[in-house]
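Small disclaimer: the values here were computed from a predicted structure and weren't measured.
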Amino acid sequence: VSLSRKRSKLSRKQSCSGFSILYSFLTRISGLIFLLVLIYMWSSFSTVLTGNIIHVCFSTRKLNNSFYCLSAATHTNPSFEIPNISINNNNISNSTSSIITTEKVEVDKFPISTPHNEEVANAVKIIEEHLKVHRSWRFDNKNNASCEDGKGIYVYDLPSKFNKDLVGQCSDMLPWQNFCRYVSNEGFGEPISKLGKGWYKTHQYSLELIFHSKVLKHPCRVYNENDAKLFYVPFYGGLDVLRWHFKNVSNDVKDGLGLELLKWLERQVTWKRNFGKDHVFVLGKISWDFRRTSDSPWGTRLLELEKMQNPIKLLIERQPWHLNDIGIPHPTYFHPKSDNDIIDWQLKIIRSNRKNLVSFAGAARNDADDHIRLIIIDQCSSKSDGKCKFLNCSSVKCNEPESIIQLFVESEFCLQPPGDSPTRKSVFDSLISGCIPVLFDPFTAYYQYPWHLPEDYDRYSVFMDKKEVREKNVNVIEKLGNISLRERENMRRYIVYELLPGLVYGDHNAELEKFQDAFAITFNNLLHRVSKFKD
């Protein structure tokens with residue numbers, strides 16, 4: 001019996017020991033699996049904190065290895081009151097959250113280029129709602145500026161380190177050329193004698209200088225801050241970004257001047273009064289250059305700072321999910337001084353002999369849309385039977401405005417695939433040349449410029465699905481050739497007579513009576529917007 005009891009105890013111990021070993025093994029396996037899941041999530045997700053906003057981003061091969069981000073703010077949107085946006089009963093409110101994607105997805109109006117994703121579809125819906133809000137700010141009275149109430153624009157006299165001193169560093173900004181030639185003549189650059197009166201070698205990043213010079217002469221400018229309803233901050237943020245682009249400096253150095261500016265503004269009574277809601281910045285680079293993330297050394301964090309959420313930011317490319325980012329046209333080479341300058345140019349290009357059906361000025365690039373460009377270049381160069389002319393921008397010819405404008409004036413359609421970013425200065429060069437732009441991404445123009453381009457994009461452009469082009473299901477040249485001459489002429493007349501005047505920035509001393517240029521449209525809308533806010 002004693003021996004039996006000992007064996008029984010030993011058996012129980014061995015049994016317990018077996019269960020213990022099994023339990024330990026399963027626990028370790030579970031822990032290992034959990035660890036592997038964490039590693040996978042860590043490699044697939046990146047979390048970015050910007051002010052009071054958290055962005056959780058993931059990458060997936062199913063979505064072309066693109067990053068998609070779900071962003072949630074810990075505070076409500078500090079901009080003007082707009083209706084909350086609720087789509088498909090998902091309660092997506094523009095005041096509390098937004099979904100941000102760098103892979104452009106077309107919904108409703110445009111074909112889906114990636115697998116349908118309900119959240120991404122909702123994001124595009126939010127963009128469209130924001131554009132409706134922007135269009136509601138448009139000032140339709142073309143004869144009068146919106147300052148008849150006696151209130152106008154006050155221009156801050158900032159310390160020179162925020163603008164003039166940055167211009168003084170122009171020779172050291174770009175390693176391959178002297179940028180000073182472009183910032184001369186108050187941002188217009190050197191005259192182009194071959195193209196005639198009103199043409200200048202204007203750089204696409206010159207908008208800060210152009211606007212600053214023109215706003216100082218605006219008829220609604222006031223010199224007493226108490227008489228102002230709109231406050232213009234002449235900070236050359238684009239030049240601040242540009243001077244560090246090609247230098248190995250810390251993020252603290254890149255962000256330093258912008259933080260100094262905000263400290264300066266916070267000491268101003270006019271800023272404190274409405275927390276910057278009635279202030280406007282003009283930034284001459286794309287929005288992404290001011291939205292640096294933790295995993296990229298590029299640009300500054302200026303537009304991610306909490307204090308910068310209230311003001312309006314005018315940019316050549318807006319971040320489509322930020323209501324207070326507003327896109328305005330890239331500066332072209334044409335800066336008319338009078339109504340007659342515009343009329344003479346309109347007559348010239350409407351009568352132009354357009355010997356090329358299609359043209360493309362560009363080069364292949366190392367980006368996500370590079371494959372589209374290669375296909376376009378191939379179709380244009382070797383498969384167009386002479387209907388398409390390709391100007392290779394790998395050469396220096398694209399640095400010569402005369403070559404670009406001559407090509408576009410002689411072409412019916414101008415191909416405009418995305419480049420380093422969705423928007424292209426070339427879109428506006430083609431429009432002011434009477435060349436119908438062919439777009440492959442709705443973010444190139446349709447989601448960018450609600451004050452200067454109409455909602456009905458078919459009136460001024462042709463859209464082609466980039467997925468169809470990538471998969472070689474469409475010959476771009478052949479498809480454009482099927483558009484009738486009457487359709488082309490109707491589009492061209494609309495571009496030349498309706499759009500063109502509002503897409504150019506007039507000379508600093510321009511006296512336009514019949515037309516509103518891009519600058520006048522922008523500031524009339526800003527004044528109208530802030531009037532609605534004050535009311």
Side-chain angles (χ1 to χ4, degrees), residues 78-81 133-159 162-164 186-187 207-237 261 264-284 308 310-315 324-326 328-329 335 337 450-452 501-502 504-535:
S79 62
F80 299 152
E81 255 185 50
V133 174
H134 289 172
R135 291 188 183 100
S136 74
W137 297 337
R138 287 192 295 207
F139 183 68
D140 295 326
N141 189 335
K142 297 183 179 181
N143 299 318
N144 299 298
S146 184
C147 55
E148 293 181 339
D149 55 1
K151 299 290 186 178
I153 308 163
Y154 181 80
V155 183
Y156 281 115
D157 184 15
L158 295 179
F162 296 119
N163 40 52
K164 294 177 184 176
E186 298 178 295
L207 216 52
E208 293 156 353
L209 287 83
I210 293 172
F211 263 74
H212 191 188
S213 173
K214 289 177 72 67
V215 76
L216 292 175
K217 301 170 185 176
H218 195 283
C220 291
R221 184 188 176 190
V222 296
Y223 297 87
N224 186 330
E225 59 191 33
N226 294 320
D227 295 331
K229 61 181 176 182
L230 181 67
F231 296 84
Y232 181 83
V233 185
F235 173 49
Y236 297 173
L261 174 69
W264 187 91
L265 286 169
E266 287 174 331
R267 294 195 295 269
Q268 312 305 312
V269 176
T270 46
W271 175 273
K272 295 176 184 177
R273 189 181 300 153
N274 289 303
F275 305 100
K277 292 179 184 178
D278 46 8
H279 284 56
V280 60
F281 290 73
V282 175
L283 299 170
M308 284 297 292
N310 281 359
I312 283 289
K313 283 79 64 176
L314 304 176
L315 304 118
N324 287 343
D325 273 19
I326 297 179
I328 56 176
H335 306 286
K337 192 170 184 177
W451 289 354
H452 298 84
V504 298
Y505 296 97
D507 184 88
H508 296 300
N509 298 308
E511 296 179 359
L512 302 177
E513 296 179 0
K514 295 180 181 178
F515 304 108
Q516 283 194 92
D517 70 349
F519 174 83
I521 290 172
T522 300
F523 265 90
N524 283 344
N525 290 347
L526 284 171
L527 288 164
H528 182 58
R529 169 190 179 273
V530 80
S531 294
K532 291 176 69 176
F533 165 62
K534 296 291 184 182
D535 293 340

Over all atoms of both residues, closest heavy-atom pair of Gly284 and Leu207: CA-CB, 4.3 Å
Expected output: side-chain Asn524 to main-chain Phe139 donor-acceptor under 3.5 Å: no
Donor-acceptor under 3.5 Å (Tyr236 side chain, Leu283 main chain): no
By side chain to side chain contact (heavy atoms under 4.5 Å, CB included) - contacts of Lys514 (at least two apart): Asp339, Ile343
Backbone of Ile153 reached by a side-chain donor or acceptor of His218 within 3.5 Å: no
From CA spacing to verdict: side-chain contact (heavy atoms from CB on, under 4.5 Å), His335, Val504: CA-CA 6 Å; His335 306 286; Val504 298; 6.0 Å; no
Ile210 side chain near Phe519 side chain, heavy-atom distance below 4.5 Å: no
Ile326 and Leu315, any side-chain heavy atoms less than 4.5 Å apart: no
Asp157 CG: over 12 foreign heavy atoms closer than 6.0 Å: no
Student check: side-chain heavy atoms of Lys229 and Asp278 closer than 4.5 Å: no
Parallel, tilted or perpendicular: rings of Phe523 and Tyr232 (30°, 60°): tilted
Interatomic spacing from CG in Leu526 to CD1 in Ile521 - rounded to 0.5 Å: 12.0 Å
Val280 and Leu230, any side-chain heavy atoms less than 4.5 Å apart: yes
All pairs passing salt bridge (charged side-chain N to carboxylate O under 4.0 Å, His left out) where residues 209-223 contributes a residue, at least two apart: Lys214-Asp517
Lys313 (side chain) donor-acceptor with Met308 (main chain) under 3.5 angstrom: yes
Check: Ser213 main-chain N/O paired with Glu186 side-chain donor or acceptor under 3.5 Å: no
Heavy-atom check, side chain of Leu158 versus side chain of Val233, under 4.5 Å: yes
Stepwise side-chain contact (heavy atoms from CB on, under 4.5 Å) check, Thr522 with His452: CA-CA 8 Å; Thr522 300; His452 298 84; 3.2 Å; yes
Considering all heavy atoms, the nearest Gly187-Leu209 contact: CA-CB, 3.9 Å
Side chains of Ile312 and Arg529 in contact at under 4.5 Å (non-hydrogen atoms): yes
Residue pair Tyr156, Phe235: steps toward the ring pair (Phe, Tyr, Trp, His ring centres under 6.0 Å) verdict: CA-CA 9 Å; Tyr156 281 115; Phe235 173 49; over 10 Å; no
Donor-acceptor pair, side chain of Asn274 and main chain of Gly276, under 3.5 angstrom: no
Donor-acceptor contact present, side-chain Asn324 to main-chain Asn310, <3.5 Å: yes
Reported CG-to-SG distance for the pair Asp227 and Cys220, which is rounded to 0.5 angstrom: 12.5 Å
Test side chain to side chain contact (heavy atoms under 4.5 Å, CB included) applied to Pro501 - qualifying residues, sequence neighbours left out: Ile342, Gln346, Phe515
Test item: Trp271 and Pro311 side chains (from C-beta on) under 4.5 Å apart, heavy atoms: yes
Ring centres under 6.0 angstrom apart (Phe162, Trp264): no
Heavy-atom pair with the smallest gap, counting every atom of Glu266 and Lys272: O-CE, 2.8 Å
Closest non-hydrogen atom pair, Phe211 against Val282: CD2-CG2, 3.7 Å
Aromatic centroids of Phe231 and His279 separated by under 6.0 Å: yes
Taking every non-hydrogen atom, the tightest pair across Val215 and Val155: CG1-CG2, 4.0 Å
Donor-acceptor under 3.5 Å (Trp451 side chain, His134 main chain): yes
Asn224 and Asn226, any side-chain heavy atoms less than 4.5 Å apart: yes
